[in-house]
Protein chains: 4
Amino acid sequence: MEYSEKQLQIIEAAERLFATNGYEGTSVRDIAQEAGVNLAMISYYFGSKEKLMEALFDCRGGYIKFTMENVIKNDELSPLQKINVLIDAYIEKIFTQQYFHRIMAREQMSRHFGESVISVMITQAKKKNQELIGQLIQEGQKKGIFKKRIDIPLMLMTMFGTANQLITTQHYYRDINNMQDVPDDEFQKHIKKKLSHHLKTLFKAILTYEA
Amino acid sequence: MEYSEKQLQIIEAAERLFATNGYEGTSVRDIAQEAGVNLAMISYYFGSKEKLMEALFDCRGGYIKFTMENVIKNDELSPLQKINVLIDAYIEKIFTQQYFHRIMAREQMSRHFGESVISVMITQAKKKNQELIGQLIQEGQKKGIFKKRIDIPLMLMTMFGTANQLITTQHYYRDINNMQDVPDDEFQKHIKKKLSHHLKTLFKAILTYEA
Amino acid sequence: MEYSEKQLQIIEAAERLFATNGYEGTSVRDIAQEAGVNLAMISYYFGSKEKLMEALFDCRGGYIKFTMENVIKNDELSPLQKINVLIDAYIEKIFTQQYFHRIMAREQMSRHFGESVISVMITQAKKKNQELIGQLIQEGQKKGIFKKRIDIPLMLMTMFGTANQLITTQHYYRDINNMQDVPDDEFQKHIKKKLSHHLKTLFKAILTYEA
Amino acid sequence: MEYSEKQLQIIEAAERLFATNGYEGTSVRDIAQEAGVNLAMISYYFGSKEKLMEALFDCRGGYIKFTMENVIKNDELSPLQKINVLIDAYIEKIFTQQYFHRIMAREQMSRHFGESVISVMITQAKKKNQELIGQLIQEGQKKGIFKKRIDIPLMLMTMFGTANQLITTQHYYRDINNMQDVPDDEFQKHIKKKLSHHLKTLFKAILTYEA
DNA sequence: TATGAATGAGCTTTCATTCAT
DNA sequence: GATGAATGAAAGCTCATTCAT
């Protein structure tokens, strides 16, 4: 689907507000004001608030299934190297789409979520990811590099959950580490690096360390 | 603060609904109906919807400062054993207070959160936790059992984040592992055990494994 | 169903406006203003505009099935006398419920009508009426007083249609007959009498006159 | 006034929708879609929704002044024959313009009707009709064929009202007579014939029968 | 001429809250 | 203390119309 300049303007405004205040906590009027457009334009372009949300997911959703296939097929990388590449790719994605990531994290726990179009998209993407990472780990296991018994879903939850936690509570991290005066982009870089190292260590340990 | 029977009834209803539908997604009418009380009672008892939320946190908030002091001072346990005890204590807490935990997870990412009374409570509790676990780890480091460079905030984020992720998306886990027919209490036990093992392995690895 | 004073106040306001401006041409705001109540009260009491309409029909609908049974069973009246009594009863009804009568006349020709609760009520009442009058006419036919071939549906249409036409266009009648200065209640009496005579003549003619 | 092909297209679409859903119940968007033209065209061509309605009446209005003069002057017909010819002419008119007829029936009972241009047109036409029929009846009375005391306005109301009732509630008639499976054109023919016979009988009776 | 885009006003309904008893 | 009734504000959405091209 293609979106016009104005539609993107609205979608981006909605993204910011949904991320900050939640879907229910954001009124269509808020979005109109944030986007600097007439209230009626939103219904005009998207039909309804819910359809706008769907358009947002349609817009950003493509990034969910981040291109793991290429990495997996690459024979020059060891299984662990591939894991590391994937971790960095994932981190890169969610940091460049922080707003959207927050929305997804929020929406995942909603009542109506299971019934919605969006839910299906996310579920499918998650399953796909899981399958691909599953293949990767099996490859490592066959080569004798990774441990036998790996709980892949829990591994992914650790990856998603930790990143989630960091993104949604980064101000805590900032406070605790006394980095209030560090410019934001620098701070982002900092925590991306930290998170990358942390997750890689975590995965390496869990995949190769014999408990 | 003490709450009457009826007030608790309302608080519990609100807890369920806030957890399921979010704060903004829950109307005072919904709560009144869920609690089986008159609509006006809620404003009458709590003053406002927001005050009700605060009462809920006041009620459940005790859970945050989970009793770590005793564990830390216990000389019969090794540092790693203490960590394990803490992990289990934490898991036990959040699983027995799943609803409240979801609410907290949600509210953490909200706009108004930083400004609220609740936010201060959580922040303080987190800092406390971090200090205590910090002490614990330092103890292990002094004894030469734990690695030197440990990013404690990120470790905690992993613990919180993973548990969070599991609790808020347990239906995914259920689907993926084909456990739809398992009774809920049994399923809860199952994932608690899995999570416990997973986190312990994770911590042991990260704390003792030389990368 | 019982309605409170305030509910009746609203229903009556709605009745006036629906009759004058049509259902779609009347806004809930209009009704609130006409009834002198707060806008939100209408949803509070009736749930929605449509439900209010149903309440109106529930309220007035009882009058539709005007008590013909008693008349029919009365052995002291000849069939034609019975017809005359019914005509007067019908006229009395619709003149005392002019507003409601207009609403019904309007709604009968609406698209959504066939699907609504109201529609079912009206249809049933009409069928009932038709059956009863059918019996009456058959009685007269058996006694050799009425003609054999009578198209009852068309007879009723003439009765309903003529009365309808008079009620909805009484101002024309007033203009044409130069009765602008006659007080309204007197004018009402006048046209009721005229209509009564007209319909009775019509029925007598059609039922007894051999074409 | 002359209307272009596209304008007629819009007018016809509006006619169908106004007849079915009422003026207020029809949105300009609905009309645009039904006519298969751009939304803005309607305002562009007609100025406003109300002006479109006027154009519709301007277009169809000719139907009202149905050509009675010729009939009246025709010396080969008896007064009763002339009445019968008029009845058939009237029936033919309204059946070929059912949609428009419904709209008129609706609009007659509207608030704004009395103030509108349309209203004046209809009123004039009605007066004209009344005068002409009045002449016809007087002719019959002079010849001793018709009764003396005839309430012409009520006679016309019976004619208009019965036809009206049949047209707007023809589905009832269909149901009651179990003609659901009869093709529509055949059904139309059927009720036209029935109505014609009914009205002629009615008029003959009322005009010649001594009550 | 023709139209996609845009708009302010209005719609019905629900909100959290307060009033009167 | 407890509650049905009431309310102003705001919600999401549609309206007829106009603008810019």
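Each chain gets a letter, A, B and so on, in the order the sequences are listed, and its residues count up from 1.
A residue-by-residue look at N38(A) and V28(B) shows that N38(A) has its nearest nucleotide of DNA chain E further toward the 5' end. Where Y45(B) and V37(C) meet DNA chain F, the nucleotide closest to each residue was compared, and Y45(B) sits on the side nearer the 5' end. Each of S4(C) and A40(A) has a nearest nucleotide on DNA chain F; the 5'-most of these lies closest to S4(C). Nearer the 5' end of DNA chain E, as judged by each residue's closest nucleotide, is the contact made by K49(C), out of K49(C) and E50(B).
Base pairing of dA20(E): its partner is dT3(F), meeting the Watson-Crick or G-U wobble criterion (both donor-acceptor distances under 3.5 Å).
Within the structure, every side-chain polar atom (N or O) of S48(D) is placed at least 4.0 Å from both OP1 and OP2 of dA16(F). For dA6(F), the OP1/OP2 oxygens have a side-chain nitrogen or oxygen of K6(C) closer than 4.0 Å. Considering only side-chain N and O atoms, Y44(B) lies under 4.0 angstrom from the phosphate OP1 or OP2 of dG1(F).
One interatomic measurement links the two molecules: CG of L8(C) to P of dA5(F), which rounds to 14 Å at whole-angstrom precision. Whole-Å rounding puts the I42(C) CD1 to dG8(F) P distance at 14 Å. Across the protein-nucleic acid pair, Q33(B) atom CD and dA16(E) atom C1' stand 16 Å apart, rounded to whole Å. Between N21(D) atom CG and dT14(F) atom C1' there is a gap of 16 Å when expressed in whole angstrom units. Look at CZ on F46(A): it is 12 Å from P on dA5(E), rounded to the nearest Å. The nearest whole Å value for the distance from the CD1 atom in I10(B) to the C1' atom in dA2(F) is 11 Å. Spacing between atom OH of Y3(B) and atom P of dG1(F) amounts to 16 Å, rounded to whole angstrom units. Per the geometry, CE belonging to M41(D) stands 15 Å off P belonging to dT17(F), to the nearest Å.
Annotation: Y99(B), atom OH; neighbour count of heavy atoms from other residues, nucleotides and ligands within 6.0 Å does not exceed 12. Atom OH of Y45(C) has more than 12 neighbouring heavy atoms from other residues, nucleotides or ligands inside a 6.0 Å radius.
Here S43(A) lies in heavy-atom contact (under 4.0 Å) with a base.
Taking only side-chain atoms of L39(C), from C-beta outward, the nucleotide of dT13(E), dG8(F), dT18(E) with the closest atom is dT13(E).
A distance of 6.0 Å separates NZ of K49(D) from CD of E24(D), quoted to the nearest 0.5 Å. We find the CZ-CZ distance between F18(C) and F100(C) to be 11.5 Å, quoted to the nearest 0.5 Å. Interatomic distance, L52(D) CG to E15(D) CD, rounded to the nearest 0.5 Å: 10.5 Å.
Within 3.5 Å, no donor on the side chain of R29(C) pairs with an acceptor on the base of dG10(E), nor the reverse.
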